[in-house]
Every structure is written in structure tokens, then in C-alpha cells.
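For reference, the structure discussed in these notes is given below.
Please read these numbers as outputs of a predicted model, since none were measured by experiment. Below, read A as the first sequence line, B as the second, and so on, with proteins coming before strands; counting in each chain starts at 1.
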Protein chains: 2
Amino acid sequence: MASREQHDRMANAIRFLSMDAVEKANSGHPGLPMGMADVATVLFTKYLKFDAANPTWADRDRFILSAGHGSMLLYSLLYLTGYPDMTIEEIENFRQLGSRTAGHPEYGFAPGIETTTGPLGQGLANSVGFALAERHLNAEFGDALVDHHTYVIAGDGCLMEGVSQEAISLAGHLKLNKLIVFWDDNSISIDGAVNLSDSTDQCARFAASGWHTIRIDGHDPEAIGRAIEEAKASDRPTLIAAKTIIGFGAPTKAGTKAVHGSALGKEEIAGAREKLNWSYPPFEIPSDILDAWREAGVRGASVREKWEGTQSDKRAEFDRRMRGELLPDFSKTIADYKRKLAADKPKVATRKSSEMALEVINGFLPETIGGSADLTPSNNTKTSQLHSIKPGEYGGRYVHFGIREFGMGAALNGLTLHGGVIAYGGTFFCFSDYARPAMRLASLMGLRSLFVMTHDSIGLGEDGPTHQPVEHLAAVRAIPNHYVFRPADATEAAESWQKAIESTKTPSTLVLTRQNLRAVRLEYTDENLTARGAYELAAAEGGEAKVSIFASGSEVEIALDAKKILEGEGTPTRVVSVPCFELFEEQDKAYRESVLGNAPVRVGVEAAIRLGWDRFIGSDGAFIGMTGFGASAPAEELYKYFGITAEAVADAARERVKNGVPQGEDARQIPDSEPARPHP
Amino acid sequence: MASREQHDRMANAIRFLSMDAVEKANSGHPGLPMGMADVATVLFTKYLKFDAANPTWADRDRFILSAGHGSMLLYSLLYLTGYPDMTIEEIENFRQLGSRTAGHPEYGFAPGIETTTGPLGQGLANSVGFALAERHLNAEFGDALVDHHTYVIAGDGCLMEGVSQEAISLAGHLKLNKLIVFWDDNSISIDGAVNLSDSTDQCARFAASGWHTIRIDGHDPEAIGRAIEEAKASDRPTLIAAKTIIGFGAPTKAGTKAVHGSALGKEEIAGAREKLNWSYPPFEIPSDILDAWREAGVRGASVREKWEGTQSDKRAEFDRRMRGELLPDFSKTIADYKRKLAADKPKVATRKSSEMALEVINGFLPETIGGSADLTPSNNTKTSQLHSIKPGEYGGRYVHFGIREFGMGAALNGLTLHGGVIAYGGTFFCFSDYARPAMRLASLMGLRSLFVMTHDSIGLGEDGPTHQPVEHLAAVRAIPNHYVFRPADATEAAESWQKAIESTKTPSTLVLTRQNLRAVRLEYTDENLTARGAYELAAAEGGEAKVSIFASGSEVEIALDAKKILEGEGTPTRVVSVPCFELFEEQDKAYRESVLGNAPVRVGVEAAIRLGWDRFIGSDGAFIGMTGFGASAPAEELYKYFGITAEAVADAARERVKNGVPQGEDARQIPDSEPARPHP
């Protein structure tokens with residue numbers, strides 16, 4: 001064991017890299033890296049299973065800095081242990097444009113950054129997915145290939161965020177005993193002392209959700225080591241409450257909020273150098289200490305090498321899954337299923353046709369894991385192959401996430417980041433609002449996390465406006481790098497699932513109806529038309545199109561009915577199905593122009609607000625949809641009440657064909673109907 | 001005390017109204033009302049302080065059905081106790097268009113519905129605001145005017161949602177001992193047994209956050225009464241864990257998930273009638289039982305009458321606050337402040353000018369309560385008059401909400417719903433994603449909840465894309481009935497606050513910069529121009545405008561600089577400031593047309609995605625903004641990197657003046673720059 005002095009000097013290396021980098025950037029958070037340097041030093045030099053030179057080793061322990069503002073802790077560790085790409089220049093360029101050392105750790109920016117953190121609580125919630133993926137793969141591939149821990153550093157902020165409760169109650173329930181969380185118990189938050197706003201007994205709280213808990217002095221390396229060993233021996237996930245001094249080593253600011261989130265200043269740093277007996281200039285680590293750190297970085301090399309040679313009849317399959325490669329006949333499997341759909345023309349809700357597609361996909365791809373936030377019978381997410389994952393029994397492929405939409409979203413991200421699985425989870429689309437912060441991070445990281453969102457409009461009926469999405473399509477479409485699929489029938493649902501699964505760098509949200517929809521794709525096409533984002537579903541008949549109707553999901557059949565009305569009156573009308581705005585934007589200009597077409601009258605129809613539809617119909621187009629919240633009543637009545645009908649579409653088109661398209665403010669839609677409120 | 005038999009019959013009245021209403025609607029949730037009927041009967045007949053005929057009595061106890069899907073419990077209670085408007089016809093019209101008995105309880109639909117619930121966890125989180133408002137007003141107005149309890153019924157779903165942790169940890173910390181929560185501990189959720197997904201010891205969890213806890217048999221009226229008395233005597237908030245049988249009384253479905261969320265069916269209901277010895281037809285309550293209930297409904301009448309006569313030198317002020325009326329000179333106060341700003345022309349961040357406005361407002365209106373989710377020094381939400389509310393000391397006007405954005409949002413709604421206060425809370429705009437579900441409910445309910453969102457763009461700089469809003473302006477603007485203000489300088493910030501506070505039926509979000517902005521409103525105007533939503537800030541000089549530039553917030557000064565460039569080249573250019581999209585839509589057509597103007601070239605600039613801006617610039621307008629996520633770097637560099645500069649605006653305008661406005665797909669903006677990622 002390293003001497004206490006060496007430990008201290010190694011920990012101080014983290015402290016000074018952090019102080020100096022924040023000082024140079026004149027921006028950042030030195031408090032956490034300085035406070036947690038001892039914990040991190042013990043963990044990385046003695047316990048964490050990793051091989052810095054091979055950061056993608058599948059069986060490495062995962063280290064997650066949930067308190068992402070302390071990013072310099074992670075960057076320091078990656079530099080000191082010798083991870084690729086994390087040079088001293090990167091440390092010196094902390095928080096500068098184009099550096100790998102962003103203000104908060106960003107997945108993909110440098111090896112060793114396992115997830116993007118910063119939005120508090122989410123790293124902790126990701127870790128449930130990481131730990132679950134490990135146990136799940138272990139159940140199938142055995143200890144020789146999969147046997148690693150997930151370590152987390154969480155701060156007071158992570159624990160105050162509600163998502164932490166969703167995470168710890170799920171992890172505790174599932175007895176994910178290879179999950180070990182350090183809580184940086186420094187009693188300080190931005191407003192001041194934590195006890196300004198909180199007096200929770202965190203250990204008691206974690207224990208209430210089935211965790212093992214240990215309290216230690218976070219500056220005592222021996223206690224840290226003992227705690228890790230105790231945690232590894234536990235049959236439950238473990239919280240190690242590490243009492244620390246934020247900004248440990250800063251002579252006047254340590255233990256205060258002043259050290260949390262800004263540069264310490266020259267004088268304070270000079271004082272720290274004196275106090276900690278650190279005589280080296282900024283960004284210089286003495287060679288004996290750097291050597292000791294680099295040794296820690298190769299500690300796991302021999303274990304990894306041995307692991308690389310592990311023979312198993314499941315090895316090839318394991319490697320395929322960890323590479324994230326689909327089985328070769330995936331597209332053929334979908335094509336066969338689409339042929340069947342073209343023949344059967346089922347009239348089902350898209351939540352049902354999503355289930356039908358999943359039945360095919362889950363049967364073919366053994367790497368899928370599904371789940372729901374306690375809406376399994378409504379989201380239709382559990383297919384015949386999927387058995388429930390239970391505490392201690394991780395071989396199943398279905399997660400009862402509980403009523404925890406945000407925790408589910410973050411766990412999906414963790415499952416995806418771990419690798420080896422393709423994960424999806426369901427809830428009502430209205431509660432995408434709850435899961436949204438995780439959906440955003442999936443987009444930012446470029447993860448194939450899959451969100452199944454059913455009950456996608458007023459079509460859900462009687463549950464009323466609290467459960468009826470109106471603005472959610474626009475709001476999720478607003479997130480960059482996120483595919484929002486709203487399929488119109490079973491074929492589009494199958495195509496949506498295919499494209500979602502094939503898109504390894506973009507998360508997808510499937511937005512699905514509760515109510516039945518008739519088939520609108522009546523013939524088999526080899527091409528995945530949904531993957532085009534929008535396409536002409538029905539050409540105009542009887543001449544050049546005078547009207548183009550654009551619609552998505554449940555409103556496509558309304559558009560087709562409107563076309564029938566209009567063509568019955570001699571107005572050639574085409575219908576464009578728009579299952580995915582984002583994919584349409586990825587098409588080339590010629591394709592986009594052909595889909596938008598030249599019809600003088602354009603009408604959009606979607607049971608949601610107009611926002612975003614001007615892209616298809618222009619500012620002067622007619623839009624049939626919602627202008628406010630929905631109401632509680634049977635779905636069919638609501639469609640009539642809010643005027644989302646084929647007749648309304650035809651009326652709007654007819655008016656414009658007859659009188660021309662109004663310009664400017666005259667083209668603005670005036671809400672037809674107020675929400676259905678009782679008389680006051 | 002009523003006999004057990006009478007209690008049972010009174011409780012059964014709830015059960016059968018609920019069963020029969022759900023059956024008639026063929027939709028709804030009978031399980032909770034049947035399971036919690038005993039608790040509700042004891043509470044409403046013996047403890048709840050209310051006078052059904054006077055449902056807005058300021059000192060009534062509040063009853064909040066957090067598990068809003070059990071709405072028939074609430075509707076039954078309101079009907080049985082004789083609340084105005086809740087007729088038997090409304091019960092028979094459960095979940096029908098235009099009825100007061102929506103699928104989930106909707107605030108404003110009938111007296112006695114204290115808040116809209118359904119999105120799980122939020123009623124519980126509202127209750128923290130209710131209970132805090134009570135204690136705060138009590139501190140100022142005394143026991144004679146303010147002395148009431150807040151009772152909540154929460155289900156397993158409410159407790160699994162993360163927001164519940166934020167709520168209970170804040171309530172426990174603040175020792176809100178007049179908050180009493182019943183947990184309907186029925187062990188059933190939609191997927192099946194709760195133990196499919198959770199094994200938390202809820203009592204231990206609440207105790208860890210400082211709650212008193214009591215476990216009872218939820219079908220034992222005496223135990224229920226004793227628990228309420230014990231809770232009322234506690235110096236801490238209390239959780240009463242009521243063990244119940246979901247769907248109590250249903251002969252074959254009770255205690256199973258089958259009774260949670262659908263009609264029981266004729267046979268099951270017939271069986272329940274037999275089992276519970278209830279021989280009356282649907283919707284008929286025997287007169288002795290209805291009489292007993294109606295008696296309970298007038299139980300509080302004499303107390304209320306006595307309360308109405310309470311004399312106090314603060315009575316008039318209390319009544320004013322509860323009516324939600326502003327002090328008469330509010331607008332004059334703002335006008336005086338605006339005069340000062342026009343003279344001073346401060347160059348400050350809008351988060352700072354928001355604070356300056358709040359300094360004036362909080363000094364003038366004693367009913368404001370502010371707070372922040374642990375970002376007080378960043379959000380600038382604490383003015384000189386506001387002292388912190390502390391456990392047991394509720395006279396302050398500032399809440400340290402902790403790192404609990406969603407809990408804060410829901411508590412703001414509860415504060416607002418209680419009445420007597422005007423409540424605002426702050427966080428980073430990026431974390432509006434966390435608070436969003438509460439922001440939506442504020443909009444749906446039509447509440448004056450006020451959200452202060454600072455660090456509103458890439459202008460926050462080094463914290464990077466996890467903290468940089470890009471899609472959030474579009475996403476919050478998408479919510480119906482929600483004002484999103486993005487002021488450009490201190491005058492617009494003052495006007496935003498004025499309009500937000502004067503808008504009693506619409507929540508507002510103030511979106512504010514971290515970086516300094518120069519004054520753009522150089523002269524005093526009596527009119528609140530910001531309340532127009534958009535207005536011409538600078539007219540074209542040197543001829544009729546050839547270019548209109550539309551901008552909000554920090555980009556208005558960029559627009560003004562671009563105008564200078566263009567006019568220097570002989571191109572008359574006008575600038576329109578657009579602080580609030582929603583208010584612009586409320587203006588009349590002539591005003592809107594005058595603001596949009598007739599310049600052939602239109603350019604929009606906002607450091608966010610384009611979504612929504614076509615409304616001002618048309619589909620073929622040029623937009624200078626973001627197309628993806630931001631990056632970590634100093635703010636000025638980011639503006640340059642992402643090309644959001646006066647030069648870029650001028651370039652786009654010049655190109656269009658010279659070559660004409662491109663049409664169709666040629667007008668689509670091609671992203672100029674990818675996000676700043678390090679080289680792979």
C-alpha cells in the first residue's frame with residue numbers, strides 16, 4: 001500500500017490540476033475535485049478495474065461523475081492515469097472552444113468519459129442502467145466475460161433532485177449490488193449551507209430503499225478503502241457517505257460556497273500551494289507522482305489481457321452485441337413482416353402495431369430490453385419473448401421501471417451507454433415532459449435510446465387535458481438530433497421501429513395512438529418510406545394537384561378522407577404522410593421539393609398545435625389542429641368538438657381553391673373553438 | 001360519533017357513486033375511490049374544516065387529491081356534502097364533454113377542486129406550497145385569520161415519482177406540520193403488484209426527511225380518526241400510511257389491478273351491491289345517508305361565520321391579498337422606475353435588471369414571495385426586502401427551494417392556488433426541462449405562477465451544452481396559455497415583470513441573460529410596449545424600410561448593430577423587438593400588420609433554434625440562430641463560432657436585398673457550423 005504521504009501527493013495532483021485549470025479558464029468548479037480527490041485517488045489507484053490504454057474494454061468498471069460540474073476531477077484522473085487523448089494541453093485548454101475538456105464532461109469528447117453529466121441527478125440515474133446492463137449481460141454471458149462494478153460520485157444536488165429517488169428506489173428494488181455510490185457529503189450548495197434547504201438523513205433514505213450504507217471520513221484513505229471493500233461484499237447497492245471539506249486545501253475558502261463554482265484567485269491558490277506543500281508550477285506534476293499515477297493506469301492491463309483471451313462459445317455473440325451491430329438479416333426480417341402487413345392491412349392502434357413490430361424485432365434481436373413506467377398494458381411494450389427482470393434474476397428482457405418516467409429515461413441512457421443492449425421504455429406521450437431531461441441528454445450524446453410514447457393526442461379521450469399531449473410533438477421535435485416518429489399505420493410503425501433501431505447515433509421517440517387506425521399503406525414497398533421523413537402517400541387523381549394535404553399519424557386517414565371529398569368535387573388532391581420531420585430535413589433538395597409539390601393550396605392536419613408545420617404548408621397554409629389544451633370526453637367527440645375532421649380539412653382547402661390563399665395576417669388561423677370548459 | 005354502520009353506509013355512498021359513474025362512462029378509475037372511501041369519510045365528516053356552501057372561505061382546510069385518477073372520490077365528496085354546482089347530473093355526466101366532472105379533477109371546473117391533478121406526484125408537491133402559504137400568512141396575519149391544514153391523498157404512483165422526494169424533503173425541512181398526507185397503500189399499480197418495481201419502506205423514507213409517520217388499517221374508521229388527531233398534534237408534517245384494499249367491495253376484482261382503471265362491469269357491480277348490502281339503483285343515495293353527508297357539509301358553517309366576523313387591523317389587507325388584487329399604485333410605481341431607467345440606461349445582464357425590477361416590486365408589493373432552486377446568486381432572485389423562510393419561522397419572503405426545480409415549480413403552483421401571495425422561483429433556463437410538468441399545469445390551470453429562468457442561451461458560456469438552452473424557447477412557447485418573456489434590456493425587463501404580475505390567469509416565464517446587455521430603450525414610454533409582444537424599436541432611416549430585423553433579448557443589440565451596418569450602406573432597415581410571442585398574437589390585426597411591416601426582406605435573430613420564427617419572417621425569411629447544441633467556451637467566442645453576429649445578420653439581409661428572396665427549398669437555412677466538438 002502506498003504511504004499516506006504518497007497518497008496525499010497523488011490526491012494533491014488532482015487538486016492542483018483542478019485549481020490551475022479553473023484559474024486559467026477563469027471559470028469552473030474547483031470545490032468538488034479538491035474535496036473528492038482522496039476518494040478518487042483511492043478508487044483509481046486501488047480498486048477501479050480499468051486499463052487506461054484500452055478505455056473501451058467491455059468488462060471495465062464504469063466510473064460516473066454524476067456531479068458533472070466537478071469535471072476537472074475526471075479530466076485530472078484521465079490525464080494522470082494516461083488515457084488516450086487527455087493531454088496536459090487539453091487540461092490547459094479547459095472550457096475552451098474545441099477542447100476535449102468541456103465545462104461538463106461530454107460523452108464522446110475523450111475516452112473515459114462514460115456519460116455526459118451536469119444536469120444534476122442524471123449520472124446517478126444513468127448508473128442504474130449501467131449496473132443493470134452489467135447484471136443482464138452477466139446472466140447470459142457469465143462471470144468470465146461480464147463481471148464489473150459501476151462507481152458513481154454524486155453531490156448534494158444529485159441527491160436533492162427527484163430523479164435520484166427514482167434511481168435509488170429502482171436500484172434498491174433490483175438489488176443491483178455492483179452499484180457503489182459515493183456521496184460527496186460536503187454540506188455546501190450554491191446558496192450556502194445545505195441545511196438552508198435540506199435536512200434529510202440521506203443514509204436513512206437510501207436504507208429505506210434497500211441500500212447498504214456506510215459513513216466515512218472522505219479524507220481518510222484507509223476508511224475509503226475499507227468502505228469500498230465492504231461495498232463490494234454487500235448483496236445490495238451501497239451508498240458511501242463521504243464526509244468531505246469542499247475545496248479541501250484552499251486556505252480561506254475551503255468549506256464554504258466560495259469554492260464551489262469559480263476560480264479561487266491567485267492569492268488563494270498560492271496559499272493552497274503553501275498549505276499543501278506543493279511547490280510545482282501550474283500544470284506541472286512531479287515525475288514521481290505522475291509515474292505513480294501512470295502505474296495505476298496500467299494496473300488493470302494484465303487482467304484485461306487475460307480477459308481478451310477468454311474463450312466461450314458465446315464470445316462472438318457477446319462481441320457483436322458490444323459492438324452494437326445488428327444481426328445481418330434484420331432488414332430482411334422487417335421486409336418479410338411488411339409484406340405480411342401489406343396483405344393483412346390490420347386496423348389497429350399504432351400502440352398495438354408498435355407491439356406487433358416489437359414482437360418481430362424482439363424475436364429476432366436477442367439484445368433488446370424493453371420496459372415501461374408502469375403502463376405495460378397501455379404502452380404495449382411487453383412482447384411474448386420478454387420476461388420480467390427481477391431482483392437477483394437478471395436474465396429477463398423486460399424492466400418494470402415503476403412510475404418513474406425520468407428515471408426510466410436516464411436508465412435507458414445508461415443501458416445504451418453501457419452497450420450490449422438495445423433499450424426502450426414506454427410511457428404516455430404527455431409524460432414525455434417528465435422524461436424530457438433524459439431525452440435531451442440522449443440527443444446531446446447521440447445515443448440510440450428508444451422512447452415509446454403512446455396515447456399521443458386528444459385521441460386518448462376521457463382522461464382529459466392533463467393526459468392529452470397538445471404541444472409535445474412540437475416540444476420534442478424541437479430537441480436537436482432526435483427522431484420523432486408518428487406512424488400512421490402498422491406499416492409505418494414497422495418502418496419507424498426499423499429506422500429507430502438502425503440509427504445508432506440518434507435517439508428516437510415513437511409517438512403512438514390509443515385509438516384504432518385503418519391501414520393507409522396498402523401495398524408493399526421495399527423502401528422504408530418512413531425513413532424519408534415524408535412521402536407522397538396518395539397522388540392526385542383527375543389532373544394536376546390543386547391541393548396538398550400534409551398529415552401525420554392518426555390524422556393521415558382524415559387527410560385521405562378529405563382527399564376523397566375534394567376529388568369527389570373535382571379538385572385533384574394529393575396526400576403526403578409526414579411521419580418524421582427530422583428525417584425529411586435529411587433528404588436532398590430535389591426529394592424535398594418533390595414531396596412538398598406545387599399544388600397552390602396546402603393544408604396541414606395534426607391533432608396538436610401548429611408550431612413547426614409552416615415548414616410544410618408555409619405561413620399562409622391552412623392548418624387543422626389544436627390551439628389550446630384538450631378536454632375530457634370520448635375521443636370521437638373530441639375530434640368533432642375541436643374540428644379535426646375530414647370535412648374541416650376539405651372546407652379549408654375548398655375555401656382556398658375558390659377564393660385564393662389569403663396573405664399576411666389574413667392567413668392566420670383563428671381558433672375555432674375554445675377548450676371545452678363547463679359554464680362558469 | 002356516528003355508528004360503524006352509518007360510517008360504512010356513508011363510505012359506500014362514495015363507492016357506488018364511483019362505480020356507477022365509471023360504469024356509465026365506461027371509462028375511469030373506480031379502485032381508488034372504493035379503497036379510500038373510509039379515509040375520506042372520516043376526514044370529511046369529522047375533521048376537515050370546510051363549509052360546503054362557501055367553498056372559497058380563505059381559512060378552510062385544503063383537500064388535495066394528488067392521485068387525481070381517483071377523481072370520482074372527490075366528485076362524490078363534493079356532491080354528497082353539497083358543494084355548489086356538483087349536482088347528481090354532473091356525476092352522471094362523468095368524463096363527458098362540458099361536464100364539471102372531467103377524467104381528472106380540473107381546477108376551476110367546480111368549487112372544491114383545489115388544484116388540477118393527474119400527472120402523478122404533483123398534487124403532493126403542490127401541497128407543500130399550500131402548506132407554506134398557510135404558515136407564511138399565519139406569521140403575518142395570526143391564528144385568528146389563518147389557521148388551517150392541508151390534507152393530501154397520494155397513491156403509490158405519487159410516491160414513486162421523483163418529485164415526491166423533492167416535495168417531502170422540502171416540507172420536512174421546513175417542518176410544515178399542518179401538512180397531513182394519506183398514502184393509499186394498496187400495493188397495486190397498473191403493471192400489477194407494486195413489488196414488481198418497488199420495495200421502498202415509505203414510512204422510513206418519509207421519516208428520513210423529517211416526517212412523522214403512522215401506519216393504520218385504512219378501513220378502520222377509529223384508527224383513521226386517531227391518526228388524524230395524532231397528525232394534527234405533531235410538530236412535523238405527517239404521513240399516514242393507510243393500508244387499503246383497492247376496489248374495496250368489488251367481489252372478485254378487489255385487491256387486483258383489474259379494479260384500478262376501468263369500469264367494473266355489470267356483474268361485478270351487482271356483486272358489490274350484494275356484498276355491501278346496497279340495494280339502491282345507480283346514482284341514488286338513500287335520503288338518510290345523503291342527509292348525514294349534507295350535515296357534514298355544513299359542519300363548518302358556524303366556524304366560518306365566526307371567522308367572517310374576525311376583527312383585525314390587518315383584515316382589509318388580508319382580504320386584498322386573498323382576492324389577489326394589486327395595490328392601486330402598482331403601475332405608477334413601475335412607471336416611475338421606467339423613467340429612472342430611461343435616464344440611467346444601465347448596461348447590465350437581464351438577470352440583473354430583473355433583480356432591479358424585483359427590488360422595486362418587492363418593495364412595493366408585500367405579497368410577493370421569491371425563491372430559487374439553489375441558484376440565488378445566479379438567478380438574482382433575492383432582493384433586499386426578502387429574508388429567508390426557515391423551519392418554524394415563516395415570516396420571511398424568500399424560499400431556498402433547494403436543487404429541486406420540479407418541486408419548486410409545483411410548490412409555486414400550490415402557493416399561487418392557496419392565494420394571498422404572488423410567488424416566483426428561479427433556475428437556469430436549461431432546467432426548465434426539469435420544471436416543465438409543473439409549468440404546464442400552471443398554464444392549464446391559468447395560474448399566475450412566475451418562473452425566472454436565467455442563463456438563457458449560449459451566452460452562458462463555458463458551462464457548455466448541458467447548460468445552454470437551444471430548444472427551450474420554442475419548447476416553452478409551445479405550451480398554451482404561457483407567456484414567455486425575453487426582455488432585451490432593463491426597461492423591457494421591468495415591463496415584463498409588470499405584465500407578468502398583472503396577468504392573473506396566465507403563468508409567465510422570464511428568460512434572462514447571464515451576459516451584460518446595453519440599453520436599447522432609450523426613452524421613456526408610458527405604454528408597456530413589452531405587453532404588446534412585439535413592437536418597432538427602431539424605424540428605418542433614409543427611406544422606406546427594405547429590411548425588417550426581428551429579434552429578442554440579447555440579440556436585439558445585434559439587430560441594432562446590423563441596422564447600422566445596413567443603413568451605412570444605404571439600406572433602410574427597421575428593427576422589431578419581440579419580447580413575447582404570445583402577447584403579440586393577442587394584438588389586433590392592424591397592429592400585427594404594422595409591426596410585421598412591408599419590408600421585402602425579413603431577418604430573424606435569436607440565439608436559439610428557428611422553430612416558431614417563421615411566424616415573423618415567413619418560411620422564406622433568413623434566420624440567424626442555432627441549428628444544434630451549443631459548446632463550452634467563453635460566450636463571445638461562441639457567438640462568433642455559431643455566427644450570431646451583426647455582420648451575419650447584415651450579410652443575410654444584404655444578400656437578399658441584392659439577389660431577391662429565394663423561394664421554396666432554396667430559402668431553407670443550411671447550418672453554417674457544426675457544434676464545436678473536438679477532433680475524433
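Remark: B:L97 CG to A:K640 NZ distance equals 11.0 Å, nearest 0.5 Å. With rounding to the nearest 0.5 Å, the separation of CD in B:Q202 from OG in A:S209 is 7.0 Å. Going from atom CD of B:E166 over to atom CD of A:Q165 covers 10.5 Å, rounded to the nearest 0.5 Å. Rounded to the nearest 0.5 Å, atoms CG (B:L196) and CD1 (A:I389) are 12.5 Å apart. Going from atom CD1 of A:I403 over to atom CG of B:L159 covers 9.0 Å, rounded to the nearest 0.5 Å. Note that CG of A:L375 and CG of B:D191 are 7.5 Å apart. Values are rounded to the nearest 0.5 Å.
Panel note: side chain B:H104, backbone A:P465; no donor-acceptor pair is recorded below 3.5 Å. Put simply, the side chain of A:D433 never gets that close to the backbone of B:R436: no donor and acceptor are under 3.5 Å apart. No donor-acceptor pair under 3.5 Å is formed between the side chain of A:D201 and the backbone N or O of B:A208. At distances below 3.5 Å, not a single donor-acceptor pair connects side-chain atoms of B:H400 with backbone N or O atoms of A:V194.
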Requested in this report: For the pair A:R95 and B:D463, evaluate side chain to side chain contact (heavy atoms under 4.5 Å, CB included) and give the outcome as yes or no after the intermediate values.
Outcome: CA-CA 8 Å; A:R95 294 186 155 231; B:D463 274 347; 2.7 Å; yes

- Query: Do A:N26 and B:E462 pass the side chain to side chain contact (heavy atoms under 4.5 Å, CB included) test, and can you show the C-alpha distance, the side-chain angles, and the key distance before you say yes or no?
  - Reply: CA-CA 10 Å; A:N26 195 24; B:E462 294 90 340; over 6 Å; no

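For A:T376, the parts lying under 4.5 angstrom from a heavy atom of chain B are both the backbone and the side chain. Both the backbone and the side chain of A:S169 come within contact range of chain B, each with at least one heavy atom under 4.5 Å from a heavy atom of that chain. Interface residue A:H29: only side-chain heavy atoms are found under 4.5 Å from chain B. Looking at B:C158, neither its backbone nor its side chain comes within 4.5 Å of chain A, counting heavy atoms on both sides. Neither the backbone nor the side chain of B:S71 comes within contact range of chain A; no heavy atom of the residue lies under 4.5 Å from a heavy atom of that chain. The contact between B:R440 and chain A is made by backbone and side chain atoms together, counting heavy-atom distances below 4.5 Å. For a residue to count as touching a neighbouring chain, one of its non-hydrogen atoms must lie under 4.5 Å from one of that chain's; by this rule B:Y434 touches chain A with backbone and side chain alike. For B:L596, the part lying under 4.5 angstrom from a heavy atom of chain A is the side chain only. In this structure, the portion of B:E585 lying under 4.5 Å from any heavy atom of chain A is its side chain and not its backbone. For B:H472, the part sitting under 4.5 Å from any heavy atom of chain A is the side chain, from C-beta outward, and nothing else. Proximity to chain A (any heavy atom under 4.5 Å) is restricted, for B:I609, to the side chain, taken from C-beta onward. The part of B:F401 that comes within reach of chain A is its backbone (N, CA, C, O), which places non-hydrogen atoms under 4.5 angstrom from that chain.
The residue among B:L170, B:N481, B:V163, B:N195 with the most heavy atom pairs within less than 4.5 Å of chain A is B:N195. Considering only heavy-atom pairs separated by less than 4.5 Å from chain B, the leading option among A:G162, A:G103, A:S164 is A:G162. Of all the listed residues (A:E405, A:K257, A:R205, A:R477), the one sharing the greatest number of non-hydrogen pairs under 4.5 Å with chain B is A:R205. Chain B forms the most heavy-atom pairs under 4.5 Å with one residue out of A:S199, A:G402, A:C430, and that residue is A:S199. Note: B:A478 leads B:G172, B:A478, B:S619 in heavy-atom pairs under 4.5 Å with chain A. Of the listed residues (B:P437, B:A167, B:G612), the one with the most heavy-atom contacts under 4.5 Å to chain A is B:P437. Note: A:H467 leads A:K589, A:H467, A:E637, A:Q96 in heavy-atom pairs under 4.5 Å with chain B. Of the listed residues (A:A102, A:G28, A:A474), the greatest number of heavy-atom pairs within a distance under 4.5 Å of chain B belongs to A:A102. Comparing B:S189, B:G407, B:A475 by how many heavy-atom pairs each has under 4.5 Å with chain A, the most go to B:S189. Looking only at heavy-atom pairs under 4.5 Å with chain A, the residue among B:E90, B:R404, B:E161 that has the most is B:E161. For the set A:S27, A:G118, A:G121, A:P119, the count of heavy-atom pairs under 4.5 angstrom toward chain B peaks at A:P119. Counting heavy-atom pairs closer than 4.5 Å to chain A, the top residue among B:F94, B:F406, B:F428 is B:F406.
Taking the side chain as every heavy atom from C-beta outward, B:T627 and A:P480 never approach each other to under 4.5 Å. Inter-residue side-chain proximity for A:L441 and B:T466 is flagged as met; some heavy-atom pair is nearer than 4.5 Å.
Within a 6.0 Å sphere centred on CG of A:N598, heavy atoms belonging to other residues, nucleotides or ligands number 12 at most.
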